[in-house]
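Side chains included, hydrogens not; waters and symmetry mates left out as well; all remaining heavy atoms used.
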Amino acid sequence: MTSAEHVQFAIKELLHKYPDLSICCADFEKAFYRVADTYRSGGKLLVCGNGGSASDSEHIVGELMKGFMSRRPLPEEQRHTFTSLFPEEGAYLADQLQGALPAISLVSHSALMTAYANDVAPDMIFAQQVFGFAKPGDALLAISTSGNSGNVVRAAQVAKALGVTTIGLTGEGGGRLAELCDVTICVPWRQTPDIQERHLPIYHTLCVLLEKEFFA
């Protein structure tokens with residue numbers, strides 16, 4: 001299957017389970033190609049959100065940084081590097097390592113986050129991390145059920161200023177993120193639990209497609 005065929009099949013499967021997400025299909029497809037372009041050009045994905053969306057940020061990174069639906073074995077050339085450098089342990093290292101799509105969850109850095117909230121400004125924590133980590137060619141996935149979370153909006157603003165691709169994952173309407181982001185996936189629900197229940201299959205499908213794209 002071609003990339004386009006994989007995308008259409010995945011969307012069909014997503015809508016079979018969640019037909020209410022049909023309104024999101026075009027933006028989902030755009031988001032996939034944006035992130036795929038990021039990885040193809042050697043960039044990385046930054047992810048942020050609050051509360052349940054913070055947990056989603058960690059979840060997404062977990063699916064991208066190791067095998068999700070496939071094992072992602074190392075290419076033979078990389079295996080050879082390990083076995084050449086470490087004759088006794090190289091095979092073990094190569095067997096346990098898996099192909100990774102570089103992704104960083106901005107919600108995990110507790111020392112930095114608490115220091116910045118106390119010393120500078122709580123709504124600028126994610127923005128500071130974007131400023132420190134991101135470079136043109138990277139992408140930011142900004143998750144907010146309302147689309148108006150202050151610290152997530154600030155992160156998107158800084159990303160935009162740095163020339164970083166911005167993708168929003170929100171609820172109905174999209175809030176401020178819809179105005180800021182290059183692509184915004186707005187699930188057609190208003191209550192936080194309903195929105196978060198739809199975010200999970202969306203980002204699972206995104207991760208599956210990215211894995212197929214780079215580790216076929």
Side-chain angles (χ1 to χ4, degrees), residues 1-7 9-10 13-14 17 28 31-49 51-115 125-126 128-143 155 159 164-165 167 169 196 199-216:
M1 289 177 107
T2 65
S3 293
E5 289 171 336
H6 276 302
V7 171
F9 180 79
E13 290 289 295
L14 178 64
K17 295 179 181 178
F28 172 86
F32 164 72
Y33 285 115
R34 290 276 189 154
V35 179
D37 286 345
T38 292
Y39 283 132
R40 200 170 286 112
S41 64
K44 60 185 174 293
L45 179 68
L46 307 178
V47 194
C48 65
S53 299
S55 297
D56 288 333
S57 300
E58 298 276 30
H59 191 161
I60 291 165
V61 169
E63 309 298 20
L64 294 174
M65 285 288 290
K66 60 175 285 298
F68 180 24
M69 301 299 287
S70 66
R71 172 72 171 76
R72 304 188 195 175
L74 298 192
E76 197 56 41
E77 183 179 349
Q78 286 185 322
R79 288 186 61 84
H80 180 69
T81 299
F82 283 104
T83 55
S84 298
L85 286 172
F86 311 105
E88 295 183 0
E89 299 171 306
Y92 174 82
L93 291 169
D95 286 342
Q96 305 312 313
L97 289 171
Q98 299 182 1
L101 294 169
I104 300 173
S105 168
L106 303 184
V107 310
S108 306
H109 310 140
S110 57
L112 170 61
M113 294 174 74
T114 53
I125 293 169
F126 295 148
Q128 177 64 25
Q129 290 171 289
V130 170
F131 187 72
F133 282 127
K135 66 181 189 304
D138 289 342
L140 171 71
L141 177 55
I143 310 174
V164 170
T165 295
I167 298 166
L169 184 56
Q196 290 176 335
H199 281 180
L200 188 146
I202 287 172
Y203 67 69
H204 264 174
T205 303
L206 178 64
C207 291
V208 167
L209 282 170
L210 289 168
E211 184 172 67
K212 286 181 178 178
E213 183 75 9
F214 292 97
F215 301 100

*Asks:* Evaluate Ile143 against Tyr203 for side-chain contact (heavy atoms from CB on, under 4.5 Å), listing each step before the verdict.
*Replies:* CA-CA 11 Å; Ile143 310 174; Tyr203 67 69; 5.5 Å; no
*Asks:* Could you tell me whether the side chain of Leu140 reaches within less than 4.5 Å of the side chain of Cys48, counting heavy atoms only?
*Replies:*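 When only atoms from C-beta onward are counted, Leu140 and Cys48 do touch, with a gap below 4.5 Å.
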*Asks:* Tell me the closest heavy-atom pair linking Val164 and Ala134, and the distance in Å.
*Replies:*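 Shortest heavy-atom separation between Val164 and Ala134 comes out as CG2-CB, 3.7 Å.
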*Asks:* Using 30° and 60° as the class limits, which term best fits the ring planes of Phe214 and Tyr39: parallel, tilted or perpendicular?
*Replies:*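 Ring orientation, 0 to 90° scale: perpendicular.
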*Asks:* Determine whether Phe126 and Met113 make a side-chain contact, defined as any pair of heavy atoms from C-beta on separated by less than 4.5 Å.
*Replies:* yes
*Asks:* Going by atom types alone, do His59 and Glu63 pair a side-chain donor with an acceptor below 3.5 Å?
*Replies:* yes
*Asks:* Considering only heavy atoms from C-beta outward, does the side chain of Leu169 approach that of Asp56 to under 4.5 Å?
*Replies:*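 A side-chain contact is absent here, since even the closest heavy-atom pair is not under 4.5 Å.
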*Asks:* As an exercise, state the distance from CD of Gln78 to OG1 of Thr83, rounded to the nearest 0.5 Å.
*Replies:* 11.5 Å
*Asks:* Any idea which heavy atoms bring Leu64 and Cys207 closest together, and the distance?
*Replies:* CD2-SG, 3.8 Å
*Asks:* Under 4.0 Å between a side-chain nitrogen and a carboxylate oxygen: does that hold for Asp37 and Arg34?
*Replies:*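 So Asp37 does not pair with Arg34 through a salt bridge.
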*Asks:* Does atom CD of Glu5 have more than 12 heavy-atom neighbours from other groups under 6.0 Å away?
*Replies:*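 Above 12, so yes.
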*Asks:* Look at the side chain of Asp138 and the backbone N and O of Gly43, then say whether any donor-acceptor pair between them is shorter than 3.5 Å.
*Replies:*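 Between the backbone of Gly43 and the side chain of Asp138 there is no qualifying donor-acceptor contact (under 3.5 Å).
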*Asks:* Tell me, yes or no, whether the heavy-atom count around Glu58 atom CD, taken from other residues, nucleotides or ligands under 6.0 Å, exceeds 12.
*Replies:*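 Count over threshold, so yes.
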*Asks:* Could you measure the distance from the CZ atom of Phe32 to the CD1 atom of Ile167? Nearest 0.5 Å is fine.
*Replies:* 11.0 Å
*Asks:* Please find the pair of heavy atoms, one from Arg40 and one from Glu213, that lie closest to each other, and give the distance.
*Replies:*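 So the minimum-distance heavy-atom pair works out to NH2-OE2, 2.6 Å.
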*Asks:* Kindly check if the number of other-residue, nucleotide or ligand heavy atoms within 6.0 Å of NE2 (His109) is above 12?
*Replies:* yes
*Asks:* Report the distance from atom CD of Gln96 to atom NZ of Lys66, rounding to the nearest 0.5 Å.
*Replies:* 12.0 Å
*Asks:* Side-chain contact test, heavy atoms from C-beta onward, threshold under 4.5 Å: evaluate it for Phe215 versus Leu101 and give yes or no.
*Replies:* yes
*Asks:* For Val130 and Leu106, what are the C-alpha separation, side-chain angles and deciding distance, and is it a side-chain contact (heavy atoms from CB on, under 4.5 Å)?
*Replies:* CA-CA 8 Å; Val130 170; Leu106 303 184; 3.8 Å; yes
*Asks:* Could you tell me the separation between the OG atom of Ser55 and the CG atom of Leu200, rounded to the nearest 0.5 Å?
*Replies:*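 If we round to the nearest 0.5 Å, Ser55:OG and Leu200:CG are 11.0 Å apart.
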*Asks:* Determine whether more than 12 heavy atoms belonging to other residues, nucleotides or ligands lie under 6.0 Å from atom CD of Glu77.
*Replies:* no
*Asks:* So, for Ala103 and Val61, which heavy atoms are closest and what is the spacing to 0.1 Å?
*Replies:* O-CG1, 3.6 Å
*Asks:* Give the minimum heavy-atom separation between Thr38 and Ser41, together with the two atoms involved.
*Replies:* O-OG, 3.0 Å
*Asks:* Hey, could you give me the OG/CG distance between Ser57 and Leu141, rounded to the nearest 0.5 Å?
*Replies:*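 Spacing of OG (Ser57) from CG (Leu141) equals 7.0 Å.
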*Asks:* Return yes if some donor-acceptor pair links the side-chain N/O of Glu211 with the main-chain N/O of Met69 below 3.5 Å, else return no.
*Replies:*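 Answer holds: yes.
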*Asks:* Side chains of Leu112 and Gln129, heavy atoms from C-beta outward: is any pair under 4.5 Å?
*Replies:*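 A side-chain contact under 4.5 Å exists here.
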*Asks:* What's the separation between atom CG in Leu46 and atom CZ in Phe133, rounded to the nearest 0.5 Å?
*Replies:* 7.5 Å
*Asks:* Less than 4.5 Å apart, any side-chain heavy atom of Tyr33 and any of Val7?
*Replies:* yes
*Asks:* Okay, side chain of Lys17, backbone of Pro201: is any donor-acceptor separation there less than 3.5 Å?
*Replies:* no
*Asks:* Identify the two heavy atoms, one from Gly99 and one from Leu74, that lie closest to each other, and give their separation to 0.1 Å.
*Replies:*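 Heavy atoms only, the tightest pair is N-CD2, 4.3 Å.
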*Asks:* Should Asp95 and Arg79 count as side-chain neighbours, where that means a heavy-atom distance under 4.5 Å?
*Replies:*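 Yes, side chains in contact.
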